[in-house]
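Labels below follow one simple rule: chain letters A, B, ... track the order of the sequence lines, proteins then strands, and each chain is numbered from 1.
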2 protein chains.
Amino acid sequence: MSPEEPDEARSTRPPRLSRQRIVDAGLASIEAHGVDQMTMRSLGRDLGVEAMALYRYVSGREDLLEAVVESLLDGLIKRVEAAETTSWQEYLQHVAHEIRHMALAHPTAFPLVVSRHPAAPWLRPPLRDIAMVEHLLATLCERGFSDDQAVDTYKAFTSFLVGSLLLEVSTKTENVAAVEEPMNEGSADIPEQDTVEDVDLGQAPHVVRMRDRLSQDHSEAEFETGLESLLNRIENTVSH
Amino acid sequence: MSPEEPDEARSTRPPRLSRQRIVDAGLASIEAHGVDQMTMRSLGRDLGVEAMALYRYVSGREDLLEAVVESLLDGLIKRVEAAETTSWQEYLQHVAHEIRHMALAHPTAFPLVVSRHPAAPWLRPPLRDIAMVEHLLATLCERGFSDDQAVDTYKAFTSFLVGSLLLEVSTKTENVAAVEEPMNEGSADIPEQDTVEDVDLGQAPHVVRMRDRLSQDHSEAEFETGLESLLNRIENTVSH
DNA sequence: TGCTGCTGTTTACAGCGTAAGCGGTACGTT
DNA sequence: AACGTACCGCTTACGCTGTAAACAGCAGCA
């Protein structure tokens, strides 16, 4: 074995700063404590470095967040491009499942993928990558879609993903930020309302009755059902 | 006419501070300059008052944002409750259109309605109000839905709204925050990439070919189509 | 030996949310 | 008329943020 290498993995000390290391630590910090808590200073602390050191590798916090989003997407694109699918249905299902997997693996960061403005208006989240969109459109056209059909499918598909996954991860992130009561305008001797649960007990009988059902998590089945329904709908407009 | 009234509308000077006035100004500021720019200090400036004065009426910035979201919703609930609809299909369409109208009227604030955690996990955005959810569930049950069917419909309906409307308003908000280039790791004599438009010209022929189609705004038609498809799907599972 | 380039640190500044205390004004009670 | 007492908005202050700018240590090379 070579006794000495100029690489970065010899000592237990932090090897070196790099854009990749910063982005990874940023993602980890976001998942651990929420986006707001991921500050340049705390991130520097995580990496054993002053905050300003990060600015050699990212041009600012916004750039870093953008890079985190990008890093979530590019592992996925390669997998999608590698996978071979026989029908466009199978293809869209594969993409959908990959993205759902990513969303569930990073539930706190996923809203960033959705809410940050993409580079171009026609890049719809969560497919905010040109390569990804190109691959999807190309695949659909290959399978006999017209341009219009491909674009319509792309739009309906992204809408479905955003709606399903954003609400699904939001239930899994619940109390990163604590709750606080809203304050009442005038003086304050209105009978105290203990919890949200108690208010509707009088006002919302249906909600109370169905509360268990409402709280149950069937998101996977709902996702599959919705996806299948979407594919059926597309199938009808395509074969027409 | 009475020569003097103790009310607030006599002089052109700011009448008085109140929670409602603060919330309204907050919403206006958000729509004008984006959520981030709506700071307690700037909002005080808008109202001709020091920032700390606001704290008599809202318990903090978070509370204010919550109140803004609430204010977007409660005008709508009353309208939905007032409207009379004959079928559950018509009812859901009415609700969907009301919410879409709200989203388009406040495209910058709408993401707040979606992304802020609701008071209870089973209050799914954008229907984050107990009264709203109660009314929806009650109406569906009235029309013969079982509890399970009502809950499933509620979930699918909210997912649809979030996906469609969030992406629709996001295209209408495009450049509230400016773009910035991401910085490249090593030295910087890689040939400069002028705009996003030029990169894909070589790499993404399908995107280039369909760019016009991708940019065209058919969001209304897409919304109606998607909604109708959703209603059909629900209809099938209900009558089965 | 000195020069040059890269890397991380130090210092500094404007702006943020907000806790705490202060002053003025209007009003009910005496 | 005078006084106590709410209420309302202002002032000050603190710790936090993102980041611009100057600086220090250290590598390799002449």
- prompt: Among R128(B), R61(B), H117(B), whose side-chain hydrogen bond (donor to acceptor under 3.5 Å, both in side chains) with E66(B) holds?
  reply: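 Single side-chain hydrogen bond (donor to acceptor under 3.5 Å, both in side chains) partner of E66(B) among R128(B), R61(B), H117(B): R128(B).
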
message: Quick check: on DNA chain D, is the nucleotide nearest A53(B) upstream (toward 5') of the one nearest M52(A), or the reverse? Name the residue that is more 5'.
response: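 Checking each residue's closest nucleotide, the 5'-ward one belongs to A53(B).
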
Rounded distance (Å) that lies between atom [atom2] of [N] and atom [atom1] of [X]:
X      : N       : atom1 : atom2 : answer
L54(B) : dG9(D)  : CG    : P     : 9 Å
M38(A) : dT17(D) : CE    : C1'   : 13 Å
R45(A) : dG18(D) : CZ    : P     : 10 Å
E62(A) : dT17(D) : CD    : P     : 16 Å
L43(A) : dT17(D) : CG    : P     : 12 Å
L65(A) : dG18(D) : CG    : C1'   : 12 Å
D63(B) : dG17(C) : CG    : C1'   : 14 Å
M40(A) : dT9(C)  : CE    : P     : 13 Å

Given [options], identify the nucleotide with an atom nearest to the side chain of [X].
X      : options                  : value
Y57(B) : dA21(D), dG17(C), dC8(D) : dC8(D)
L17(A) : dC10(D), dG8(C), dT11(C) : dG8(C)
R16(A) : dT10(C), dG8(C), dG9(D)  : dG8(C)

query: Where does DNA chain C pair, written as one dot-bracket string 5' to 3', with Watson-Crick or G-U pairs under 3.5 Å, ( ) inside the strand, [ ] for crossing pairs and | for another strand?
result: .|||||||||||||||||||||||||||||

message: Are the side chains of P125(B) and P118(B) in contact, using a 4.5 Å heavy-atom criterion?
response: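 Contact flag for P118(B)/P125(B) side chains = yes.
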
message: Is there a side-chain contact between F157(B) and L227(B) in this structure, where contact means two heavy atoms from C-beta onward sitting under 4.5 Å apart?
response: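 In contact.
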
field: Interatomic distance, H218(A) atom NE2 to K155(B) atom NZ [nearest 0.5 angstrom]
entry: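 One finds 6.5 Å between NE2 of H218(A) and NZ of K155(B).
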
- prompt: Any luck finding a side-chain donor-acceptor pair between E134(B) and H206(A) under 3.5 Å?
  reply: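 There is such a pair (donor and acceptor under 3.5 Å, judged by atom type) between the side chains of E134(B) and H206(A).
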
query: Going by distance alone, is a donor N or O of one side chain under 3.5 Å from an acceptor N or O of the other, for S159(A) and R124(A)?
result: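 Note: S159(A) and R124(A) side chains meet the donor-acceptor criterion.
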
Reckon [X] has a side-chain N or O less than 4.0 Å from the OP1 or OP2 of [N]?
X      : N       : answer
Y55(A) : dA21(D) : no
R61(B) : dT18(C) : no
R56(A) : dT7(C)  : no
R41(B) : dG15(C) : no

query: Can any side-chain N or O of T171(A) pair as donor or acceptor with the backbone N or O of E168(A) at less than 3.5 Å?
result: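 Looks like yes, one N/O pair under 3.5 Å.
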
